[in-house]
Amino acid sequence: MFYRSSILKRIAIINRFFPVHNSIPKQGFYRSLRVLSSPDGQYSAAHTTKQSSYLESIHEKTASLFSNSHQMVSSVQGTFLKFLVQMSKATRVLEIGTFTGYSALCMAEGLKGRGSEAKVVTLEKNIEHFKVAKENIESSGLGHLIELKLGDAIDTLLNLDNAVQYDLIFIDADKGNYINYYNTVLERNLLSDDGIIVADNGLVNFSFRVLLNGN
């Protein structure tokens, strides 16, 4: 679910440093965001359905090649995204922020058997990330389920055919533009009547401000 910024701020203050525990000192803040090392996180990883070997290899490849690999969703989150696609019975998925294609591939796995209309449309503005994602998608066997678009996300959203709506929209890009992506999606009527919007790390910037300001 996506909340408008005024509501997000209140949630961040109420939850303080969610998902970071209050006892974590400031110098550990970034590391806490990058690595889920709590007992809950370890339990989730141990008891979540194992992913395909190909998805595991993409996750490991991204971690080894990119210093900013923490921007990629975790394997637990990837499995959850696949589950959301399956549970919602989505056929059209829009992703804002491809990175190396891992999350798009997770959601594409959830689209298997949904017919010829099933598709993940994923947007990426970084050319190097785009090239890696393209290679990963083309060698996955799921390329027929994924359409990769290069360019600024707002520009791409403005040029999408809004006669085609999306049942699930996953926003995982630059946090400062989340509200702009959200508003553009709604203004252009890209979300289906029963569709859902999922925003990754929606509280990060607000939590960081609360942590620094101490209020």
Side-chain angles (χ1 to χ4, degrees), residues 1-12 14-15 18-19 36 40-41 44 48-49 51 55 71-99 101-125 133 137 142 145-149 153-154 156-207:
M1 183 177 291
F2 192 94
Y3 297 90
R4 290 188 180 273
S5 57
S6 60
I7 300 174
L8 265 175
K9 187 170 184 180
R10 291 200 295 273
I11 293 173
I14 291 171
N15 289 286
F18 177 81
L36 181 60
D40 288 344
S44 297
T48 296
T49 303
Q51 293 189 311
L55 282 177
Q71 294 178 359
M72 172 179 56
V73 301
S74 69
S75 57
V76 172
Q77 291 171 311
T79 300
F80 179 66
L81 288 171
K82 175 182 176 180
F83 169 74
L84 273 182
V85 171
Q86 293 173 322
M87 181 182 68
S88 65
K89 298 182 180 180
T91 56
R92 302 284 303 188
V93 176
L94 176 63
E95 177 183 49
I96 303 173
T98 310
F99 197 27
Y102 173 73
S103 50
L105 286 163
C106 290
M107 292 185 287
E109 283 205 342
L111 288 177
K112 287 179 178 179
R114 292 283 167 87
S116 60
E117 297 299 314
K119 184 78 68 176
V120 176
V121 176
T122 180
L123 318 182
E124 178 57 54
K125 70 175 182 179
I137 291 167
L142 296 171
L145 292 172
I146 301 174
E147 182 180 349
L148 182 58
K149 292 181 176 290
I154 294 292
T156 305
L157 289 172
L158 290 173
N159 285 287
L160 286 177
D161 179 5
N162 62 356
V164 177
Q165 293 184 311
Y166 297 87
D167 306 306
L168 189 150
I169 298 176
F170 179 45
I171 305 175
D172 186 18
D174 52 316
K175 311 311 174 199
N177 264 321
Y178 269 30
I179 193 64
N180 297 323
Y181 299 141
Y182 172 72
N183 286 332
T184 304
V185 162
L186 295 188
E187 287 165 5
R188 299 217 60 237
N189 199 31
L190 293 172
L191 185 68
S192 66
D193 290 343
D194 296 321
I196 59 174
I197 295 176
V198 179
D200 183 64
N201 285 339
L203 298 179
V204 169
N205 288 343
F206 292 102
S207 300

| message | Using side chain to side chain contact (heavy atoms under 4.5 Å, CB included), reason through Ile146 and Leu105 one step at a time and then give a plain yes or no. | response | CA-CA 8 Å; Ile146 301 174; Leu105 286 163; 3.7 Å; yes
Flag the pair [X] / [Y] as yes when at least one side-chain heavy-atom distance between them is below 4.5 Å, and no otherwise.
X: Leu191; Y: Tyr166; answer: no
X: Asp200; Y: Lys175; answer: yes
X: Asn183; Y: Ile179; answer: yes

Between [X] and [Y], which heavy-atom pair has the shortest distance, and what is it?
X: Tyr182; Y: Ile197; value: CD1-CD1, 3.8 Å
X: Glu124; Y: Phe99; value: OE1-N, 2.8 Å
X: Gln77; Y: Val73; value: OE1-CA, 3.3 Å
X: Gly101; Y: Ala133; value: N-CB, 3.8 Å
X: Thr79; Y: Thr49; value: OG1-O, 3.7 Å

Could you measure the distance from the [atom1] atom of [X] to the [atom2] atom of [Y]? Nearest 0.5 Å is fine.
X: Leu111; Y: Leu142; atom1: CG; atom2: CG; answer: 9.5 Å
X: Thr156; Y: Leu160; atom1: OG1; atom2: CG; answer: 7.0 Å
X: Asp161; Y: Leu190; atom1: CG; atom2: CG; answer: 9.0 Å
X: Thr98; Y: Lys149; atom1: OG1; atom2: NZ; answer: 11.0 Å

Any donor-acceptor pair under 3.5 Å from [X] side chain to [Y] backbone:
X: Asn162; Y: Arg188; result: yes
X: Tyr102; Y: Gly78; result: no
X: Asp174; Y: Gly176; result: no

| task | Determine, stepwise, if the pair Phe80 / Cys106 fulfils side chain to side chain contact (heavy atoms under 4.5 Å, CB included). | result | CA-CA 9 Å; Phe80 179 66; Cys106 290; over 6 Å; no
| task | Could you note down all residue pairs passing side-chain hydrogen bond (donor to acceptor under 3.5 Å, both in side chains) where residues 80-90 supplies at least one of them, sequence neighbours left out? | result |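 Non-adjacent pairs meeting side-chain hydrogen bond (donor to acceptor under 3.5 Å, both in side chains): Lys82-Glu109.
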Please output the side-chain donor-acceptor pairs of residues 90-97 that fall under 3.5 Å, not counting sequence neighbours, one pair per line with the distance.
residue : atom : partner : partner atom : Å
Thr91   : OG1  : Asp167  : OD2          : 3.2
Glu95   : OE1  : Thr122  : OG1          : 2.5
Glu95   : OE2  : Ser103  : OG           : 2.3

| request: Test side chain to side chain contact (heavy atoms under 4.5 Å, CB included) on Tyr181 and Leu123 and set out the steps. | output: CA-CA 12 Å; Tyr181 299 141; Leu123 318 182; over 6 Å; no
| request: Might you confirm whether atom NZ of Lys119 has over 12 heavy atoms from other residues, nucleotides or ligands at distances under 6.0 Å? | output: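 Yes, enclosed.
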| message | Please check if the number of heavy atoms outside Asp194 that lie under 6.0 Å from its CG is greater than 12. | response |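 At most 12 heavy atoms, drawn from other residues, nucleotides or ligands, come within 6.0 Å of this atom.
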